[in-house]
Amino acid sequence: MDKLILIDGNNIIYRAFFAMPPLTNTAGQQTNAVYGFTTMLLRLIEEHKPTHMIVAFDAGKVTFRHEGYQEYKGGREKTPPELSEQFPMLKELLQALGVPQFEIASYEADDIIGTISRQADEAGRQVMIVSGDKDMLQLASEHTTVALIRKGVSEIELYGPQQIREKYDLTPLQIIDLKGLMGDASDNIPGVPGVGEKTALKLLQQFGSVEGVLAGTDELKGKMKEKLETHAEDARMSKRLATIYREVPLEHSWEDMTFSAIRAETAGPALAKLEFRSLLERLSLSAYTQSPEAEAAQVEAAELDIMLVDEAGLKQLLADLPEIAAMHLETNGDNPHRSEVIGLGLSSPERHYFVPFALLLQPAAEKLRKWLGDEKAPKSGYDLHRADLALHWQGIAFAGAAHDVQLAAYLLDPTEANQNLNDLTTKYALPRLSPDEDIFGKGAKYRIPELEVLGTHVARKSATVLGIAARQQQELVETDMTGLFKDLEMPLSRILADMEKQGIAANKDDLQELGKEFEAQIHKLVTEIYQICGVEFNLNSPKQLGEILFDKLGLPVVKKTKTGYSTDAEVLEKLAPYHAAVRHILNYRTIAKLQSTYVEGLLKEISPQTGKVHTFYRQTIAATGRLSSQFPNLQNIPIRLEEGRKIRKIFVPSEPGWSILAADYSQIELRVLAHIADDEGLKEAFLNDMDIHTKTAMDVFGVTAEQVDGNMRRSAKAVNFGIVYGISDYGLSQNLNIPRKEAARFIEQYFDVFQGVRKYMDDIVTEAKSNGYVTTLLERRRYLPEINAKNFNLRSFAERTAMNTPIQGTAADIIKLAMVQMDKALYERGLKSRMLLQVHDELVFEVPEDELELMKSLVPQVMEGALKLSVPLKAEVSFGSNWYEAK
DNA sequence: CACATCACG
DNA sequence: ACGTACGTGATGTGC
C-alpha cells in the first residue's frame with residue numbers, strides 16, 4: 001500500500017533550530033537545525049516506511065495572502081542568519097538523501113501540502129502530514145493523518161478526525177473557525193480581541209462556525225457581543241487567512257514524489273560533509289566518515305573528465321575548441337589592471353581542460369590565443385570583463401563574451417550580487433566548489449597550489465559556468481530581462497573594458513605640485529589648531545578630537561555616534577561660533593581629505609607604463625543599476641568646492657592638441673520622474689525647458705517667477721531632491737534645517753501641485769508590496785523583501801527605496817544606453833575620439849582637434865536620443881584642455 | 001575588520 | 001510612537 005508523507009519544511013527547520021543546541025561543524029557553520037530536521041526525518045522513514053515523500057518550502061516572502069492583508073506574518077523576528085545559512089545545507093542534504101522538495105513561487109509550504117493532500121485524498125491514498133503547526137489539523141481526513149511535532153522535534157502526536165474530535169470536539173474544518181476567532185500572534189492574524197481558545201471553543205460548540213457566531217450575536221450579551229460585532233470583519237479576514245489554500249497550480253505527478261530508499265553513495269558524503277557522525281552510524285554509513293582534508297579531496301574527485309593540458313596535450317584541446325562554450329580565467333588580486341594570470345579553465349559539455357598561463361604564452365598556444373580574441377567564438381564565463389583586462393595587460397586580446405554568469409546573476413537579483421561561483425552552485429544545485437581560500441590560502445598565506453589541485457579547481461569553475469548559464473537564460477526570459485542582458489549589459493561590459501584599458505592621462509608633476517600646496521596649508525592649520533587648543537593630538541582621530549572639543553574645551557555635544565561624540569562637518573559647523581579652533585579644524589578636514597585621498601591616492605594609481613589612471617568599473621554592485629568605480633574611484637573627484645575642483649586640472653588628453661569633452665544630462669532623474677509619474681505640471685516644465693527648481697518654487701509657494709528668491713529656490717531644490725529619494729518630512733527637515741511640521745507642509749503643498757507624482761509614489765509602493773519588487777523602464781528589477789515588514793524602520797526604508805529605485809535605475813539605464821549607442825557611433829563614423837569616463841549622468845571623452853566640432857553636437861544628440869520619453873532629455877556639453885576646464 | 005568621515009551623482 | 005533622506009568608494013583610527 002502506497003504511503004505519502006508531506007513535510008512542512010520551513011516549520012520543521014524553525015522548530016529544530018530553536019530546539020537544538022548550537023551544533024557547529026569544523027568549518028564553524030552552525031548545523032543544528034539541519035541535524036534536528038534530519039533526525040526527525042530518519043525517524044519518520046524508519047517508523048512509517050513511506051513510498052512517497054516530499055518536503056515543501058515557502059517560496060518568496062510575499063504570498064497571495066499579503067494581497068488582502070499586508071500585515072500577514074508581520075511582526076515576526078527576522079530569520080537569524082545562523083538559521084538562514086542552514087536552508088541551503090538542508091536542501092542540498094535532502095537532495096542527497098533522495099527526498100523530493102517542492103517550492104512554488106508566492107505560495108507557502110502549507111498551501112502546497114494542502115493541495116497535494118486534497119489530490120491524494122480524492123485518489124484515496126494514505127497521507128501523513130508532518131508539521132508543528134496546529135493549523136494543519138484542518139487537513140485531517142479519513143485517509144489523512146496529521147503528525148504534530150512537539151517538544152522541539154522529539155515527539156510526534158498523530159491526529160485523525162477522531163483524535164481532533166476527542167481533543168477539541170471539533171471537525172477538522174472547524175479548526176479554521178477556531179483560528180478565525182482566536183487569531184494567531186505568530187502570523188499576525190488578529191482574530192477577535194479577548195477571545196482565546198476557551199471562548200472560541202465555547203462559541204463554536206454553540207454556533208458551529210465564524211459565520212454562525214457572527215450571525216448569532218443577538219443571542220449573546222455584554223462585552224462579548226460588542227467585541228464580536230465590532231470585530232466581525234477581523235474575524236472573517238482571520239478565517240480567510242487561516243484557510244489553507246488547496247488549489248495551488250502544481251505540475252508535479254505522483255511519480256515526482258517517489259521516495260525509494262536512502263542511497264549510500266550520495267547520502268554518505270553529504271552527511272559526512274556536515275559531520276553528522278552519529279547519523280552516519282545509524283545508517284551504517286560510517287565508511288563515509290572523513291577528515292576535512294579527505295573531504296576536500298572527495299570534492300575534487302567528482303567524475304568530471306578534466307585534462308591538465310601540457311604542450312603535448314594542446315593538440316587535443318585545439319581539436320576540441322569548437323565545442324568549448326565556457327571558460328574561467330583564474331587571476332589573483334582585486335585590481336584586474338594589476339592581476340597576474342594563473343591559468344585558464346575551459347569547458348565543453350563533454351570535457352574540461354586546464355591550461356597553465358605559462359603554456360598559454362607559448363608559441364604552440366597561438367590558436368588558443370586566437371580563439372580567446374575571436375568575437376565569433378562565443379564564451380560564457382564568470383566576470384569576463386575582469387578576464388578581458390587581465391589578459392589585455394599580458395598582451396592577449398579577448399573578445400566574444402556571450403554570457404557572463406556574474407552579470408546575469410546581478411540582473412536576476414542585484415542586491416544578492418557578487419554571488420561568487422560557489423554561492424551560485426547552491427542556487428542551482430550544482431556540485432559545490434572548494435572555496436578559493438582552501439585552495440590558495442588567504443592574505444599573506446596566498447600561494448598557488450600544485451598543478452593537479454589548481455587545474456582541477458579551475459576546470460571545475462568553467463564546468464560550473466557551463467551548468468549555470470543555460471539556467472540563467474531561462475530565468476532571464478521569465479523575468480523579461482533578456483533584452484536588458486543581451487542588448488545592454490553584455491555589450492556595455494566590453495565597452496567598459498575598452499574605456500578602462502584606454503585610461504585617462506594624468507599629469508603627475510602638477511599633482512605633486514598641488515600636493516605641496518596642500519602640505520603647506522595643512523602644516524599651517526595644524527600648528528594653529530594645536531596652539532589654540534593648547535595641546536597636540538591626532539587631528540585625524542575623531543575620538544581624540546571629540547575629547548578635546550567636548551571634555552577639555554567644554555563645547556556643547558550636538559550629536560553622538562554609537563561609539564562616542566560625533567565630530568562630523570554638520571556638528572563642527574554648529575560649533576564654529578563657539579570656538580576659534582573649529583573653523584580651522586573644518587578647513588583642515590577639507591585639505592587633509594584632498595591630500596590623502598586625491599593627491600596621494602591618485603599618485604599611487606598613475607600607471608608607470610602608460611602615465612594614465614585606469615579605473616575599474618563594477619557593473620554588478622549598485623542595487624539600482626548604476627556603475628561603481630574602483631582603484632581609483634573616478635566617480636567622486638571633487639567639484640563642489642574650488643580647492644578640490646583643482647584636482648580636475650590634472651586629468652588631461654593623452655595626445656597633444658586634443659581636448660577633454662564632457663557632457664552631462666540635465667536633471668535626468670526629475671525628467672525620468674516626469675515621464676514615469678506622467679505628471680502634467682512636471683512634464684510641462686520640462687517641455688518648456690524651465691528651470692525646474694524655480695518652477696517648483698513658483699508652484700509650491702504660489703508666486704511668479706520674479707517673486708522666487710534665493711531661499712525659496714533652495715527650499716524647492718531640496719524638496720525635489722527629497723522627492724527623488726523617496727520623501728519624508730523628517731529627511732527634508734534635516735536637510736533644510738527647519739521644523740518637521742514645516743517640512744511636512746512643503747511636501748503637502750508639493751503633492752497638491754504635482755498630483756501625478758503623488759499618485760506615482762502611492763502606486764509604486766502598492767506595486768512593490770504586491771509584487772515584492774520594483775522595475776525600471778528597461779525592466780531592471782530590484783526585490784524589496786522588507787516592504788511588508790512590521791518594523792517601521794525596515795518598512796519605511798523599503799518604501800523609499802521603492803520610490804527611488806525606478807527613478808535612479810531608469811536614469812542608469814538611459815546613460816548605459818547612451819554609452820552603447822555612442823560606442824557604435826564612434827565606430828561607425830571611424831572617429832578617433834574616445835569615451836573615457838562615466839560619472840552617473842556625465843560622459844567624458846578625449847577628442848582630437850578636427851573632431852571637436854562634430855563631437856560637440858554628436859555627443860549630446862546621442863545622449864538625448866538614447867531613450868524616447870514623454871519629456872525631452874537634455875545633455876549639456878563643454879570642453880577644455882583638461883577636465884577642470886570642461887565645465 | 002568595524003567605524004567615522006567625506007568625496008561624488 | 002516609530003526615527004531616515006537614494007546610490008557609491010577611499011581613507012585613517014583603533015579594537
Worksheet item: Would A:E500 and A:K612 pass as an ion pair if we require N to O under 4.0 Å?
Response: no

Discussion item. Classify A:S728 by what it touches in the nucleic acid, base, sugar-phosphate, or nothing, heavy-atom distance under 4.0 Å.
Written reply: base

Fill in: P atoms of C:dA5 and B:dC6, separation to the nearest Å
15 Å

Worksheet, complete the sentence: Considering only heavy side-chain atoms of A:R640, the closest of B:dG9, B:dA7, C:dT11 is B:dG9

Worksheet entry | Closest nucleotide among C:dT4, B:dA4, C:dT8 to the A:T563 side chain | B:dA4

Worksheet, complete the sentence: Value for CD1 (A:I639) from CZ (A:R645), rounded to nearest 0.5 Å, stands at 4.0 Å

Worksheet item: Can A:R795 and A:E799 be counted as an ion pair, charged N to O under 4.0 angstrom?
Response: yes

Item to complete: Compare the minimum distances between each of C:dG14, B:dA7, C:dG7 and the side chain of A:Q544, then state the nucleotide with the smallest one.
Response: C:dG14

Discussion item. Need one value for A:A743: base, sugar-phosphate or nothing, where a base atom within 4.0 Å counts as base even if backbone is also close, heavy atoms only.
Written reply: nothing

Worksheet item: Distance between the P atoms of C:dT4 and B:dC3, in whole angstroms?
Response: 16 Å

Discussion item. Just to be sure I understand the rule, does A:G722 reach a base, reach only the sugar-phosphate, or reach nothing, if contact means heavy atoms closer than 4.0 Å?
Written reply: base

Practice prompt. Can you tell me the pairing partner of B:dA7 across any strand shown, Watson-Crick or G-U wobble, with both distances under 3.5 angstrom?
Written response: C:dT8

Item to complete: Can you figure out which of C:dC15, C:dT13, C:dG9 approaches the side chain of A:K593 most closely?
Response: C:dG9

Fill in: Nearest-neighbour nucleotide for the A:N793 side chain, C:dG7, B:dC6, C:dG3 considered
C:dG3

Worksheet entry | Nucleotide nearest A:H840 when distance is taken to its side chain, options C:dT4, B:dG9, B:dT5 | B:dG9

Fill in: Whether A:H614 and A:H337 hold their rings parallel, tilted or perpendicular, with breakpoints at 30° and 60°
tilted

Response to the item:
The nucleotide from C:dG7, C:dT8, B:dC8 with an atom nearest the side chain of A:P638 is B:dC8

Discussion item. Considering every strand and a 4.0 Å limit on heavy-atom distances, what is the contact class for A:I639: base, sugar-phosphate, or nothing?
Written reply: sugar-phosphate

